[in-house]
There are 2 protein chains.
Amino acid sequence: MQQLLSHITAYHRLSTEAENALQNCFTEITLNKNEFLLTQGNVCRHLYFLEKGALRGFYNLDGKEITHWFGFEKDFVTSFHSFITGEVAVENIQLIESCTLWAIAKETLTELFNQHHDIERLVRIAYEKYYIRLEERYVNAQFKPAKERYEELIQQAPHILERVPLGFIASYLGISQETLSRIRSRF
Amino acid sequence: MQQLLSHITAYHRLSTEAENALQNCFTEITLNKNEFLLTQGNVCRHLYFLEKGALRGFYNLDGKEITHWFGFEKDFVTSFHSFITGEVAVENIQLIESCTLWAIAKETLTELFNQHHDIERLVRIAYEKYYIRLEERYVNAQFKPAKERYEELIQQAPHILERVPLGFIASYLGISQETLSRIRSRF
DNA sequence: TTTAATTTTTGACTTATGTCAAAAACCCAA
DNA sequence: TTGGGTTTTTGACATAAGTCAAAAATTAAA
C-alpha cells in the first residue's frame, strides 16, 4: 500500500484527506501464476495497481493469442476500453507471475472524484502520461522495423526476457516467434 | 464557437459559469492550406479545437515524412507529447486544407482547472476517450494486415480519399504508397 | 535423477510488402 | 486550352517476415 501511495503522489501531491480517502478505497488482491484477472466477455469493473508480479493482456484473433501489453510493478492495469465504456471486454488479463494487486471499483473511484477534485486531477495527469506512452508505442510499432522494436524493448525493460516467455514477447512486438528467435540469433 | 461548445458538452455537461469561463478562453485562428500550426523543435503550448478543415501530424524519419495522424472537424489537436511535457516537439502539424481553429494556451487551461472542477472532469473524460481510441488504432496497426486497415479507414472516414493525398494515407497506414495503390487496384 | 512437457531454434519454402524507375493520370495556372 | 507540375499507377526485382515441420534446448514433474 505504501508503494501505491508513493507512486501516486509522484504523479501529483494529494491533500491528506484525499490521501486517506484513497487508502480506504483500495483492496488487496493476490493471485497465482496463470490465473486470470479478467476474461473476455466480462465487464472490467476495477482498476488495479500492480504492486508485485507480471501479467499480460491478450485477445484471440483467428485462434491465436495476441499479447498486446504487459504489466509490471507500479503499473495501473485494467481493460481500459471495458473499464471506461462499461462494455464487455474483448481481452483477457492473465498473470505471468503470481501478483500482489490493489483494486478499486469504478463506482468507488467516481465517488472519490466527486468528493476530491485532487483525485480527479491525479487521474487526469495519469491519463496524460499513459496517453503519451501509448502514442510512443504506437509510432514505434508502426514505423520501426522489428529488430529495432526488440532492441528498444530490451533497453526499456531489461528483465523482461527472464520473466516473460519469448512467444508472448514476439506477439507483443507484432512478429512471429520464429522471426524473433532469428533476430536474437544474429546477436 | 457554438460547435466547440456543443461538442464539449457532449462529453460532459458543464455548469453555466464553467461554460462561460471556457468560452472566453478560446481564440479563433484561421490558417491556409499547407501552412504549419507547429514545426519540430518548438514547444507546442496550445491545444486546438478544429472547427473546419483538415490537417496532419508528421515527423521526419531518414529523410521521409511519416504522417502518423490526421485531424478533421471536431477533433482536438496538439502535439500531445510536447503540450503535456513542455518539451520541444519532434513532430510537425501542417494543414491539408485551410482551417478554422479555436486555440487555448496551456496555462489558461491550467487556470481553468483550478477554478472549475467541472472542466478538469471534462478533460479527464476527453482523455479517456482519446486513450481508448488510440488503443484501438494501436491494435489495428500492429495486428491487422494493410488491406484491412485501409478498408476500416475508408469506412470510418469515407471522405478521406477526396481530402487527403494518397501518399499521406499510405504513410498513416504504415505502408508504401505503391502498396496502397495496389491494394486499391484489386478493387 | 530421468522422463515428460514446454519453449526455443533451425531449415525450407511462401507470401507480403518495399524499392526504384518510368509511365499514366490528374490538376491547376497562365 | 495547353503545358508543367504533382500525384497515382504499373512493372521488375529485392527483402523482410510468415508458415509449417522438426530438432534442440530448457524447464518442470514424477
Side-chain angles (χ1 to χ4, degrees), chain A residues 32-35 53-56 58 60-68 70 94-98 139-154 157 159-187, chain B residues 32-35 54-56 58 60-68 70 94-98 139-154 157-187:
Chain A
N32 291 319
K33 182 171 173 173
N34 295 326
E35 287 193 275
L55 42 73
R56 66 178 182 130
F58 74 92
N60 290 289
L61 185 69
D62 318 321
K64 264 183 288 186
E65 290 185 354
I66 306 284
T67 295
H68 59 123
F70 294 115
Q94 187 182 25
L95 303 224
I96 298 173
E97 303 170 353
S98 301
V139 167
N140 287 344
Q142 188 153 30
F143 302 111
K144 291 191 180 169
K147 194 186 160 195
E148 274 182 55
R149 298 202 310 270
Y150 173 70
E151 283 162 359
E152 281 171 25
L153 177 66
I154 298 306
H159 301 302
I160 199 172
L161 286 174
E162 290 112 62
R163 300 178 71 179
V164 178
L166 208 66
F168 294 172
I169 296 175
S171 174
Y172 175 80
L173 292 171
I175 58 181
S176 71
Q177 178 165 324
E178 294 91 329
T179 298
L180 179 54
S181 175
R182 287 182 179 112
I183 286 171
R184 275 151 51 93
S185 74
R186 302 196 274 282
F187 327 63
Chain B
N32 291 318
K33 183 172 172 171
N34 294 328
E35 287 193 274
L55 42 74
R56 66 178 181 129
F58 74 92
N60 291 290
L61 184 69
D62 318 321
K64 263 183 289 186
E65 290 185 353
I66 305 284
T67 296
H68 59 122
F70 295 115
Q94 187 183 25
L95 303 224
I96 300 173
E97 302 170 352
S98 301
V139 166
N140 287 344
Q142 188 154 31
F143 303 112
K144 290 192 180 169
K147 195 185 158 197
E148 273 181 56
R149 299 202 310 271
Y150 173 71
E151 283 162 359
E152 280 171 25
L153 177 65
I154 298 306
H159 301 301
I160 199 170
L161 286 173
E162 290 112 64
R163 301 178 71 179
V164 178
L166 208 66
F168 294 171
I169 295 175
S171 174
Y172 175 79
L173 293 171
I175 57 180
S176 71
Q177 179 164 324
E178 293 91 329
T179 297
L180 180 53
S181 174
R182 289 183 178 111
I183 286 171
R184 275 151 51 92
S185 75
R186 302 196 272 284
F187 323 63

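First the proteins, then the strands, lettered A, B, ... as listed; each starts at 1.
In this structure, the CZ atom of B:Phe168 is 13 Å from the P atom of D:dT6, given to the nearest Å. Between B:Lys147 atom NZ and C:dT15 atom P the separation is 16 Å, expressed in whole Å. When rounded to the nearest whole Å, the span between CD of B:Gln177 and P of C:dA25 equals 16 Å. Between the CD atom of A:Glu162 and the C1' atom of C:dT8 there is a distance of 16 Å, given to the nearest Å. Taking atom CD1 on A:Ile175 and atom C1' on C:dA16, their separation rounds to 16 Å, with Å as the unit. We find that OH of A:Tyr150 is positioned 15 Å from P of D:dA17, with the value rounded to whole Å. The interatomic distance linking B:Leu161 (CG) with D:dT7 (P) rounds to 15 Å, in whole Å. Between the CG atom of A:Leu173 and the C1' atom of D:dG18 there is a distance of 15 Å, rounded to whole Å.
Without hydrogens or angle criteria, A:Arg163 side chain to A:Gly53 main chain gives a donor-acceptor distance under 3.5 Å. Side chain of B:Glu65 to main chain of B:Phe168: no donor-acceptor pair is present (N/O by atom type, distance under 3.5 Å, no hydrogens or angles).
Looking at heavy atoms from C-beta onward, A:Leu166 lies in side-chain contact with A:Leu161 at the 4.5 angstrom threshold. Using a 4.5 Å cut-off on side-chain heavy atoms (C-beta onward), B:Ile175 and B:Ile183 make contact.
When each of B:Leu180 and B:Lys33 is assigned the nucleotide of DNA chain C bearing its nearest heavy atom, the one mapping closer to the 5' terminus is B:Leu180.
Considering only side-chain atoms of A:Arg184, the nucleotide from D:dT8, C:dT9, C:dC20 that sits closest is C:dT9. For A:Ser176, counting side-chain heavy atoms from C-beta on, the closest listed nucleotide (D:dT19, C:dT17, D:dT8) is D:dT19. In this structure, of D:dG18, C:dG18, C:dT19, it is C:dG18 that holds the atom nearest to the side chain of B:Thr179. For A:Arg182, counting side-chain heavy atoms from C-beta on, the closest listed nucleotide (C:dT17, D:dT19, C:dT9) is D:dT19. Comparing D:dA17, D:dG11, C:dT8 by their nearest atom to the side chain of B:Glu178 picks out D:dG11. Candidate nucleotides C:dT19, D:dG18, D:dT19 were compared by shortest atom distance to the side chain of A:Lys64, and D:dT19 ranks first.
For the side chain to side chain donor-acceptor pair (under 3.5 Å) with B:Gln94, the lone residue among B:Lys33, B:Glu35, B:Arg56 that qualifies is B:Arg56.
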